[in-house]
Amino acid sequence: QVQLVESGGGSVQAGGSLRLSCEYSGSIFNINTLDWYRQVPGMQRELVANINTRDNTYVAASVKGRFTITRDNAKNTVYLQMNSLKPEDTGVYYCAAEFGLGYVDAWGQGTQVTVSG
């Protein structure tokens, strides 16, 4: 099993920045890809960005140029740096882990991001 714990959410004015962190533990050798999803009430959970074991990254078009995903293997932590935040970035952000079979195998508890203005 893999455990994921997010931190770093909060409230910020439009144009501001936040950095989300997700520390992973447990059977981390199984992890192929680490994802950041977000969910707005009434909407489907949306993949925002991910990074795999080769450090190949994907960033959704809606956040490209504003969000960056990185990982620190020494700290077992994946980060989502969010700049130039917009009100539509508001939502609960979830960290997730994939074992390489094409679906999410573990979820974090989520962290709220609220962008006002």
Side-chain angles (χ1 to χ4, degrees):
Q1 284 191 342
V2 170
Q3 293 78 44
L4 304 159
V5 179
E6 302 100 332
S7 60
S11 296
V12 65
Q13 294 283 328
S17 297
L18 284 172
R19 188 177 79 157
L20 305 183
S21 299
C22 171
E23 185 172 354
Y24 46 94
S25 60
S27 302
I28 62 173
F29 54 88
N30 285 327
I31 298 174
N32 176 266
T33 303
L34 289 157
D35 306 318
W36 282 103
Y37 281 81
R38 70 182 175 195
Q39 187 161 29
V40 177
M43 305 276 290
Q44 274 197 323
R45 206 168 282 192
E46 170 194 20
L47 177 64
V48 175
N50 65 25
I51 185 167
N52 66 15
T53 53
R54 299 179 185 178
D55 283 341
N56 296 320
T57 61
Y58 161 82
V59 180
S62 58
V63 303
K64 191 164 285 187
R66 302 187 296 121
F67 290 14
T68 304
I69 185 169
T70 57
R71 66 192 292 171
D72 184 334
N73 291 328
K75 296 182 178 180
N76 290 343
T77 301
V78 60
Y79 302 99
L80 186 68
Q81 177 67 44
M82 306 186 294
N83 299 328
S84 302
L85 282 160
K86 304 176 181 180
E88 52 263 42
D89 294 319
T90 294
V92 179
Y93 283 70
Y94 296 91
C95 181
E98 300 179 38
F99 294 168
L101 298 180
Y103 51 84
V104 171
D105 294 278
W107 293 95
Q109 81 286 356
T111 186
Q112 176 71 43
V113 170
T114 302
V115 184
S116 58

Under the salt bridge (charged side-chain N to carboxylate O under 4.0 Å, His left out) rule, what pairs show up with a residue in residues 44-67, not counting sequence neighbours?
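Counting only pairs at least two positions apart or across chains, the salt bridge (charged side-chain N to carboxylate O under 4.0 Å, His left out) contacts touching residues 44-67 are R38-E46, R66-D89.
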Once salt bridge (charged side-chain N to carboxylate O under 4.0 Å, His left out) is applied, what residue pairs with a partner in residues 67-86 remain, sequence neighbours excluded?
none
From CA spacing to verdict: side chain to side chain donor-acceptor pair (under 3.5 Å), N83, S17
CA-CA 4 Å; N83 299 328; S17 297; 2.9 Å; yes
Pairs flagged by disulfide (SG to SG under 2.5 Å) wherever residues 48-78 is involved - sequence neighbours left out
none
For residues 19-107, the disulfide (SG to SG under 2.5 Å) pairs (sequence neighbours left out) are C22-C95
Residue list, side-chain hydrogen bond (donor to acceptor under 3.5 Å, both in side chains) with S84, at least two apart or on another chain:
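Scan of S84 (side-chain hydrogen bond (donor to acceptor under 3.5 Å, both in side chains), adjacent residues dropped) gives none.
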Among residues at least two apart in sequence or on other chains, which ones pass side-chain hydrogen bond (donor to acceptor under 3.5 Å, both in side chains) with Q112?
T114
N52 side-chain N/O to N32 backbone N/O, donor-acceptor pair under 3.5 Å
no
Examine distances only and state if a side-chain atom of T90 and a backbone atom of V115 form a donor-acceptor pair shorter than 3.5 Å.
yes
Can you pull the ring-ring contact (aromatic ring centres under 6.0 Å, His included) pairs that have at least one residue in residues 71-95, sequence neighbours excluded?
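Every candidate ring-ring contact (aromatic ring centres under 6.0 Å, His included) pair involving residues 71-95 fails, so no pair, neighbours aside, qualifies.
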Which residue pairs pass the ring-ring contact (aromatic ring centres under 6.0 Å, His included) test when at least one of the two sits in residues 13-61, sequence neighbours left out?
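Non-adjacent pairs meeting ring-ring contact (aromatic ring centres under 6.0 Å, His included): Y37-W107.
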Mind checking what makes ring-ring contact (aromatic ring centres under 6.0 Å, His included) contact with F67, not counting sequence neighbours?
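Per chain and number, F67 pairs via ring-ring contact (aromatic ring centres under 6.0 Å, His included) with no residue.
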Can you name the residues that form a salt bridge (Lys or Arg N to Asp or Glu O under 4.0 Å) with E23, not counting sequence neighbours?
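Salt bridge (Lys or Arg N to Asp or Glu O under 4.0 Å) check on E23 returns nothing, list empty.
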Using the test side chain to side chain contact (heavy atoms under 4.5 Å, CB included), find all partners of S25 that sit at least two apart in sequence or belong to another chain.
Q3
Of all residues at least two apart in sequence or in a different chain, which pass the side chain to side chain contact (heavy atoms under 4.5 Å, CB included) check with A49?
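If we apply the side chain to side chain contact (heavy atoms under 4.5 Å, CB included) test to A49, skipping adjacent residues, the hits are V59, I69, L80.
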